[in-house]
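Numbered from 1 within each chain, the chains take letters A, B, ... in sequence-line order.
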Number of protein chains: 2
Amino acid sequence: MSKEPSQKPTEAELEILQLLWQHGPSTVRFVNEELNKAKEVGYTTTLKFMQIMTEKGMLAPDKSSRTHIYRPLLQEEDTQRKLLNRFLDTAFRGSASKLVMQALGNRETSQEELNEIRNLLDKLEGGKP
Amino acid sequence: MSKEPSQKPTEAELEILQLLWQHGPSTVRFVNEELNKAKEVGYTTTLKFMQIMTEKGMLAPDKSSRTHIYRPLLQEEDTQRKLLNRFLDTAFRGSASKLVMQALGNRETSQEELNEIRNLLDKLEGGKP
DNA sequence: ATGTATCTACGATATTTTTCGTATTTCTTT
DNA sequence: AAAGAAATACGAAAAATATCGTAGATACAT
């Protein structure tokens, strides 16, 4: 029974994945230090998480040296897409536009980002002019 | 010790809130039947949830008749906003535009909705011409 | 080469979330 | 008024998440 590579990461797992996506393959110590910038977490706690994530097939450790280096097996965009779809359904009953409106309304969004979005809108509407 | 009215609802709690937002104040039985359209859940399970949610200050039961009627104390948009902010940070590292792009890209969005979004963009950019 | 620091392995505990069973109370129906 | 149906109250088990301590192995510095 080989394990399916994906699942829904928990919040804590997601935080770790974020760090790995952002910084590339890393050691437990590094991840732990990064996590500690936000809140206190014991080293072994982080280690345990990363081991569990490895069991679940989310990470792969390079064990060639004593200090293991973990890399994420889940793709960032893939994972985001799945999480987003789930979130959209549970929190917004599937209404993407409501979500988008909230997301844009609640936060400062840079001019550059707004332009990107506008471009996307153009592309989406371009399909049926 | 008065309880703070809000907290982060769990997924199961959110499902119940959704039903109450959608249909207005309801009985346990009604909520339970709705939940059962998606998956089997025992009546007492639903009851317990709604009682816990009441303790947490998310719901308020009208107990004037034997069959209690629960109404949500959390506002839909409020709650969505909070959940969204959290989700945005944990899943998209705070990048609203990335989230928006994914949300629009992954799903069919109606012309009407696209227009709404475009209007919002105009309004957002209007602020600093 | 010996003590100290750093790792991983592993198991255990704590916390939160989900799920139910049973008892008791309150209607309804006959 | 008694039997049965439908609700709530309560407690507790089960499952999923999160957190840590200790032991043993490995490297490093003196």
Next item on the list: Measure the distance from CZ on A/F49 to P on C/dG11 and round it to the nearest whole Å.
Entry: 18 Å
Next item on the list: Please check the phosphate of D/dG21 (OP1 and OP2 only) for any side-chain N or O of A/T44 closer than 4.0 Å.
Entry: no
Notebook entry, point to check: Does the side chain of A/Q102 pick up a donor-acceptor pair with the side chain of B/R81 at under 3.5 Å?
Noted result: no
Next item on the list: Applying side-chain contact (heavy atoms from CB on, under 4.5 Å) between A/L59 and each of A/L17, A/L73, A/I52, report the one that passes.
Entry: A/L17
Next item on the list: Please figure out whether B/T10 or B/S65 has its closest DNA chain C nucleotide nearer the 5' end.
Entry: B/T10
Notebook entry, point to check: Are the charged groups of A/E13 and A/K8 less than 4.0 angstrom apart, N to O?
Noted result: no
Next item on the list: Look at B/R93 together with A/E76 and state whether they make a salt bridge at an N to O cut-off of under 4.0 Å.
Entry: yes
Next item on the list: Return the value, rounded to whole Å, for the distance between atom NZ of B/K48 and atom C1' of D/dA9.
Entry: 8 Å
Checklist line | N or O in side chain of B/T45 less than 4.0 angstrom from C/dC20 OP1/OP2 | finding: yes
Notebook entry, point to check: In whole Å, what is the span from the CZ atom of B/R29 to the C1' atom of D/dA7?
Noted result: 8 Å
Next item on the list: State whether A/K63 places a side-chain N or O below 4.0 Å from either non-bridging phosphate oxygen (OP1 or OP2) of C/dA9.
Entry: yes
Next item on the list: Quickly work out the B/K56 NZ to C/dT18 P distance and round it to whole Å.
Entry: 8 Å
Checklist line | Atom pair distance, as rounded to whole Å: CD in A/E55 and C1' in D/dA16 | finding: 15 Å
Next item on the list: Between B/L47 and A/T46, just flag the one whose closest nucleotide in DNA chain D comes earlier from the 5' side.
Entry: B/L47
Check: Mind checking whether A/M101 and B/L120 have side chains closer than 4.5 Å, heavy atoms only?
Finding: yes
Check: Which atoms form the tightest heavy-atom contact between B/S26 and B/V31, and what is the distance?
Finding: CB-CG2, 4.1 Å
Notebook entry, point to check: Could you state the CD1-C1' distance from A/I16 to D/dT17, rounded to the nearest angstrom?
Noted result: 12 Å
Notebook entry, point to check: Tell me: CD1 of B/I52 to P of D/dA9, nearest whole Å?
Noted result: 13 Å
Item checked: Atom-to-atom span, CD of A/E40 to C1' of D/dC20 - whole angstrom -> 12 Å
Notebook entry, point to check: Would you say the side-chain atoms of B/T79 pair up with the backbone N or O of B/Q75, donor to acceptor, closer than 3.5 Å?
Noted result: yes
Next item on the list: Please tell me which of the listed nucleotides, D/dT19, D/dA12, C/dT17, lies nearest to the side chain of A/K39?
Entry: D/dT19
Item checked: Distance below 4.0 Å between B/Q51 side-chain N/O and D/dA9 OP1 or OP2 -> yes
Check: Could you run down nucleotides 25-30 of chain D 5' to 3' and tag each one B, S or - for protein heavy-atom contact under 4.0 Å?
Finding: BBS---
Check: With respect to the side chain of B/Y43, which nucleotide from D/dT8, D/dT19, C/dC7 is positioned closest?
Finding: D/dT8
